[in-house]
Amino acid sequence: MSIRSRRLQANGIDFVIDEAGEGDTTALLLHGFPEARQSWHRQLPALAALGWHAVAPDLRGYGGTTRPRAKAAYHLDHLTDDVAALFTALGGKRRILIGHDWGGVIAWQTALCGKVALDGLIILNAPHPDVFARVLADGWRQKRKSWYVAFFQLPWLPEWLMTRNDGAALAQMFRKHSPTIPDAQIEIYRRNAIQPGAATAMINYYRANLSALGGGSGTHPKLAVPTLMIWGEKDLALDIALTEGNEAHVADFTLRRLPGASHWVQQDAPDQVNDLIAEWARGKALA
């Protein structure tokens, strides 16, 4: 099934989206850092085959989507408002939210704050915020893995390292940690990052949400939305302990771990990820 591209206005932002399929079920796929909508290209046709209208936007600040300059524009309040506005603009009777990495953070927060009535939530390598808070407090293992969050609080230096030599370090990072991602796709990420102001916009996700990334409040109500978590076990940034205990915060929780996949799980193991989503969706009468 072919992938279509277009622009879509929502929440005052001009989004570039890729989409496949049609129907009354809208599946919105949120990418992570430092990626783009193309990270979901192996999922869009498969989700469309489930009868879903599958849509992957460049998040605000990324790719061809509007790039606000202010750090505060990347606070989670605005990011979750983007999700709500995109669902409204796209229509559909049922709503499935899918997020990886930063997209997973946004997806969790959208579900927990109740801005969107969701029928299903699919999370890839991003823990429930209260689980992250617990694991972060338990010892130094996750603190060491999260060193880059503190580094990103510095002015200008992270941008310089990310974009010097035309983004060579970013491309090298992807090739080192996930050799299965095609060079053409890495080239998209590299070109996006070296656009004027793009690296700052991407890093501002960390700067505007430092307290939120420090962990959850512990006061979130138990989530009623059926939730599937898929986790690539070879994640160098997020400890495997973050897969434990999420079920205490979600009434209907399913965990599937992929031992051979890295943090970039949907790109490392696209067929497995697609099969797991399809199996779960059919079991929840969502496909």
Side-chain angles (χ1 to χ4, degrees), residues 16 18 29-43 56-65 67 74 99-106 124-126 140-210 213 230-240 242 258-273:
V16 177
D18 286 347
L29 296 88
L30 311 179
H31 66 78
F33 170 91
E35 298 170 281
R37 67 189 192 278
Q38 288 87 355
S39 69
W40 298 109
H41 270 197
R42 295 288 296 275
Q43 280 68 53
D58 280 337
L59 299 181
R60 66 165 59 200
Y62 279 82
T65 292
R67 190 171 298 123
Y74 298 90
H100 167 252
D101 182 74
W102 251 107
V105 174
I106 299 167
L124 293 82
N125 283 64
W140 283 98
R141 187 178 177 93
Q142 184 57 51
K143 290 184 178 73
R144 286 193 295 269
K145 289 175 178 285
S146 296
W147 67 270
Y148 61 93
V149 176
F151 173 69
F152 282 161
Q153 306 308 310
L154 298 174
W156 70 263
L157 181 58
E159 286 95 328
W160 179 77
L161 289 173
M162 189 171 172
T163 61
R164 69 190 180 103
N165 298 327
D166 287 333
L170 184 145
Q172 183 180 12
M173 180 273 292
F174 275 112
R175 293 190 178 103
K176 178 180 179 181
H177 296 304
S178 181
T180 61
I181 300 179
D183 283 345
Q185 195 155 315
I186 294 174
E187 178 63 10
I188 292 170
Y189 302 156
R190 185 197 67 79
R191 287 201 312 265
N192 283 351
I194 63 175
Q195 292 181 53
T200 295
M202 295 155 73
I203 294 169
N204 274 344
Y205 278 65
Y206 294 91
R207 292 172 176 157
N209 297 288
L210 181 60
L213 291 175
I230 299 173
W231 198 278
E233 292 187 0
K234 291 184 176 180
D235 193 321
L236 296 180
L238 297 172
D239 194 76
I240 194 66
L242 294 169
L258 297 179
S262 75
H263 177 77
W264 321 103
V265 58
Q266 79 273 27
Q267 297 170 85
D268 279 352
D271 294 335
Q272 290 174 279
V273 167

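Computation of the quantities below employed the complete heavy-atom set of this structure, encompassing side-chain atoms and omitting hydrogens, waters and symmetry-equivalent molecules. Positions are given from 1, in the same order as the sequence printed here.
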Enter the distance from [X]:[atom1] to [Y]:[atom2] here, rounded to the nearest 0.5 Å.
X	Y	atom1	atom2	answer
Trp264	Gln185	CH2	CD	11.5 Å
Asp58	Arg37	CG	CZ	4.5 Å
Leu236	His177	CG	NE2	5.5 Å
Asp101	Leu30	CG	CG	11.0 Å
Trp40	His100	CH2	NE2	7.0 Å

*Quick one: salt bridge (Lys or Arg N to Asp or Glu O under 4.0 Å) partners of Asp268, sequence neighbours excluded?*
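None.
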*Residues in salt bridge (Lys or Arg N to Asp or Glu O under 4.0 Å) contact with Glu233, at least two apart in sequence or another chain*: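 Salt bridge (Lys or Arg N to Asp or Glu O under 4.0 Å) check on Glu233 returns Arg257.
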Could you check whether any side-chain N or O of [X] sits under 3.5 Å from a backbone N or O of [Y], counting only pairs where one atom can act as donor and the other as acceptor?
X	Y	result
Arg207	Ala201	no
Gln266	Asp271	no
Ser39	Ala36	yes
Arg190	Leu170	no
Gln38	Ile188	no

When you compare the side chain of [Y] with that of [X], does any pair of heavy atoms fall below 4.5 Å?
X	Y	answer
Leu242	Trp231	yes
Arg67	Thr200	no
Ile203	Met162	yes
Tyr74	Tyr206	no
Asp183	Arg175	yes
His31	Leu59	yes
Phe174	Glu35	yes
His41	Pro182	no

*Do the ring planes of Phe152 and Phe33 sit parallel (below 30°), tilted (30 to 60°) or perpendicular (above 60°)?*
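It falls in the perpendicular class, over 60°.
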*Which word best sums up how the rings of Tyr62 and Tyr205 line up, parallel for under 30°, tilted for 30 to 60°, or perpendicular for over 60°?*
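Rings of Tyr62 and Tyr205: perpendicular, as their planes differ by over 60°.
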Taking everything shown except [X] itself, do over 12 heavy atoms lie less than 6.0 Å from its [atom1]?
X	atom1	value
Gln172	CD	no
Arg141	CZ	no
Lys145	NZ	yes

_Evaluate Val273 against Gln267 for side-chain contact (heavy atoms from CB on, under 4.5 Å), listing each step before the verdict._
CA-CA 9 Å; Val273 167; Gln267 297 170 85; over 6 Å; no
